[in-house]
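Here the structure comes first, spelled out in structure tokens, and everything after it is commentary.
Because the structure is a prediction, the values reported are computed rather than measured.
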Amino acid sequence: MPTFQTVRGMRDLLPEDAAALNCVIAKARETAGLYGYREIVTPVVEPYELLAAKSGEEIRQRMFTFKDLGDRTVALRPEFTASIARLATTALRNEPKPLRVFSVGSVYRYDEPQRGRYREFWQSDFEIIGSNKPEADAEIILLTNSLMQAVGLRNYAFKLGHIGVLRGILSQEDVDDKTQNAVLQRMDKKEYTEAFALVPEKCRATLEGLLKLKSGSVFETAERIIQYVADYSEAAASAENLLAILKLVTEGGCEIATVEPAFARGLEYYTGMIFEVYIPELDIALGGGGRYDRLIEVFGGEATPATGVAHGLDRIALAMQTQNLALKTKQDKRVVVVPVKDEQKGAALKIAQQLRATGMSVEFEVMGRKMAKALEDADKRQMDYAVIVGEKELQQNTVVLRNLAKRTQTTVVINKLAEAIRS
Ligand code: HAM
């Protein structure tokens with residue numbers, strides 16, 4: 001038999017990587033708690049139609065799609081938003097608004113594998129459903145800011161834009177929805193020439209002009225957009241909305257680094273503000289999101305405004321590594337329990353259980369090794385203590401506690417053992 005490797009783009013997370021990811025997941029859960037988002041768990045496999053509906057060409061082409069044995073066309077979720085919008089039209093339909101929900105888990109996209117880009121990766125996803133107010137959008141950005149702070153990242157920067165400005169211009173210039181989607185897909189990739197070639201002359205000039213509006217100050221850029229699109233009523237309302245969100249986020253204590261008038265994102269369901277967050281050391285986004293006011297009605301629900309974000313947890317872990325941020329996991333003492341002879345196995349196991357009941361991490365000698373070998377192994381693996389369970393000591397309700405680093409040992413009464421290890 002050949003030895004097996006992982007499928008291209010799929011990774012094993014060995015203990016250190018798994019610990020790093022779990023640390024980020026823990027911070028995302030804490031953030032959800034701080035902002036009142038309740039966690040829900042949705043399936044990895046969903047109907048293809050649901051995931052494809054409004055995700056856009058880019059994502060559609062990268063989905064892991066297949067027929068299950070019941071001949072249903074299904075796919076591995078490439079994100080959480082579609083699943084959560086499905087719930088907003090079904091089981092969570094009658095929940096009081098706003099509905100704040102949070103999910104964390106693996107998602108799948110057939111992206112070209114490279115550093116920070118995988119085919120199986122992890123997201124924490126936050127959605128706030130039922131509010132069309134700028135404070136809901138601001139909350140999504142602020143909680144992302146809180147997560148970046150919680151993991152200790154430095155110099156991260158938010159980029160903010162508004163799809164309503166772009167769609168407002170395109171709609172008023174009679175560009176149909178399908179062409180609009182194609183234009184925005186290309187703008188997302190910064191292929192402006194190709195994007196603008198798809199629209200009529202006048203519209204092209206307007207879009208090109210957007211690229212020149214950026215100024216050093218984010219507030220000035222937002223004001224310039226408002227003036228620039230004054231003749232496009234929907235775009236103008238969107239630009240005002242962008243400024244309102246920018247003000248709230250800033251007052252909430254989060255600085256926005258850039259306002260990008262021509263910023264677009266790959267997903268097709270966005271209708272309002274969109275944003276991404278970066279660190280200078282990596283040119284890939286650590287998270288991104290935006291407002292999607294029409295998705296829930298596309299799925300057959302009542303028209304319901306919504307806004308949200310997904311954080312790329314693998315990328316956040318990578319960013320932490322890039323900035324040399326150590327994991328702050330609280331590590332209890334590591335203890336191994338070794339019976340001297342077979343006759344003490346039962347008693348030794350009982351002692352191990354008693355220590356674990358106090359919350360201590362305990363490994364039991366399961367290789368049947370002689371004492372010297374067992375201690376040598378514990379040393380190699382940098383365990384802190386060995387508890388040696390021998391016949392003579394047991395008769396006195398004691399064990400030998402060996403400090404492996406210091407190479408010292410004492411005899412300790414069994415019901416004082418946990419205390420002795422911790423002290
Ligand atoms: P997205 O921008 O497609 O948005 O993905 C969010 C984040 O997932 C990205 O910013 C990035 O950190 C991470 N990510 C994307 N692709 C990969 C990959 N191939 N490997 C590693 N990480 C990756 C969404 O998924 C939307 N559902 C966000 C949202 C929620 N919008 C509204 N609500």
Side-chain angles (χ1 to χ4, degrees), residues 13 17-37 39 79-81 100-107 115-118 121-128 134-162 218 242 245-260 263 265-267 270 273-291 307-329:
L13 299 184
D17 295 330
L21 177 66
N22 280 329
C23 165
V24 184
I25 290 175
K27 295 294 179 195
R29 279 216 172 88
E30 275 172 32
T31 307
L34 288 176
Y35 284 79
Y37 287 65
E39 185 163 349
E79 54 140 6
F80 287 99
T81 309
R100 290 184 171 93
V101 284
F102 162 77
S103 272
V104 59
S106 56
V107 296
R115 194 164 118 99
R117 180 162 287 127
Y118 317 106
F121 57 98
W122 290 68
Q123 285 188 339
S124 62
D125 184 283
F126 294 72
E127 311 287 352
I128 177 163
E135 46 272 40
D137 297 290
E139 176 171 306
I140 290 294
I141 298 175
L142 288 172
L143 69 82
T144 300
N145 187 48
S146 296
L147 177 59
M148 297 295 126
Q149 274 174 355
V151 297
L153 285 172
R154 296 180 298 266
N155 305 326
Y156 56 86
F158 282 94
K159 175 166 115 180
L160 184 65
H162 204 297
V218 285
L242 174 65
I245 295 165
L246 177 65
K247 281 187 179 154
L248 287 172
V249 172
T250 309
E251 279 170 44
C254 168
E255 192 188 325
I256 297 293
T258 52
V259 166
E260 299 269 350
F263 176 29
R265 280 176 39 79
L267 290 152
Y270 292 120
M273 78 86 187
I274 49 171
F275 76 100
E276 282 174 354
V277 61
Y278 290 85
I279 56 162
E281 296 90 337
L282 297 172
D283 61 358
I284 42 179
L286 304 185
R291 173 168 287 282
T307 179
V309 61
H311 310 114
L313 303 184
D314 314 77
R315 288 187 184 177
I316 293 175
L318 178 66
M320 290 168 69
Q321 199 187 44
T322 310
Q323 296 192 348
N324 291 317
L325 298 171
L327 285 172
K328 284 181 223 82
T329 43

How long is the gap from [atom1] on [X] to [atom2] on [Y], to the nearest 0.5 Å?
{"X": "Tyr35", "Y": "Glu139", "atom1": "OH", "atom2": "CD", "value": "7.5 Å"}
{"X": "Arg115", "Y": "Asp314", "atom1": "CZ", "atom2": "CG", "value": "13.0 Å"}
{"X": "Leu246", "Y": "Ile256", "atom1": "CG", "atom2": "CD1", "value": "6.5 Å"}
{"X": "Asp137", "Y": "Leu142", "atom1": "CG", "atom2": "CG", "value": "11.0 Å"}
{"X": "Arg291", "Y": "Ile128", "atom1": "CZ", "atom2": "CD1", "value": "8.5 Å"}
{"X": "Glu30", "Y": "Leu34", "atom1": "CD", "atom2": "CG", "value": "7.0 Å"}

Test item: [X] and [Y] side chains (from C-beta on) under 4.5 Å apart, heavy atoms:
{"X": "Phe158", "Y": "Val249", "value": "no"}
{"X": "Leu160", "Y": "Val218", "value": "no"}
{"X": "Gln323", "Y": "Val151", "value": "no"}
{"X": "Met320", "Y": "Val24", "value": "yes"}
{"X": "Val277", "Y": "Val309", "value": "no"}

Checking [X] side chain against [Y] main chain: does a donor-acceptor pair fall under 3.5 Å?
{"X": "Gln123", "Y": "Val107", "result": "no"}
{"X": "Arg315", "Y": "Gly287", "result": "no"}
{"X": "Asn145", "Y": "Ile141", "result": "no"}

_Can you list everything that forms a salt bridge (Lys or Arg N to Asp or Glu O under 4.0 Å) with Glu127? Sequence neighbours excluded, please._
none

*All ring-ring contact (aromatic ring centres under 6.0 Å, His included) counterparts of Tyr37, not counting sequence neighbours*: Phe126

*Determine, step by step, whether Thr144 and Phe275 satisfy the side chain to side chain contact (heavy atoms under 4.5 Å, CB included) criterion, reporting the C-alpha distance in whole Å, the side-chain angles of both residues, the deciding distance to 0.1 Å, and the verdict.*
CA-CA 10 Å; Thr144 300; Phe275 76 100; 3.9 Å; yes

Nearest non-hydrogen partners of [X] and [Y], listed with the distance:
{"X": "Asp125", "Y": "Ala310", "answer": "OD2-CB, 3.7 Å"}
{"X": "Ser103", "Y": "Phe80", "answer": "CB-CD2, 3.6 Å"}
{"X": "Ala285", "Y": "Tyr278", "answer": "N-CE2, 3.4 Å"}
{"X": "Tyr270", "Y": "Ile274", "answer": "CG-CG2, 3.7 Å"}
{"X": "Gly116", "Y": "Ile284", "answer": "CA-CD1, 3.7 Å"}
{"X": "Ala138", "Y": "Leu248", "answer": "CB-CB, 3.8 Å"}

*Between Glu260, Glu276, Glu79, which is the residue that forms a salt bridge (Lys or Arg N to Asp or Glu O under 4.0 Å) with Arg265?*
Glu276

*asked:* Using the rule given for side chain to side chain contact (heavy atoms under 4.5 Å, CB included), can you reason through Leu153 versus Ile316, listing the C-alpha separation, both sets of side-chain angles and the distance that settles it, and then say yes or no?
replied: CA-CA 9 Å; Leu153 285 172; Ile316 293 175; 4.3 Å; yes

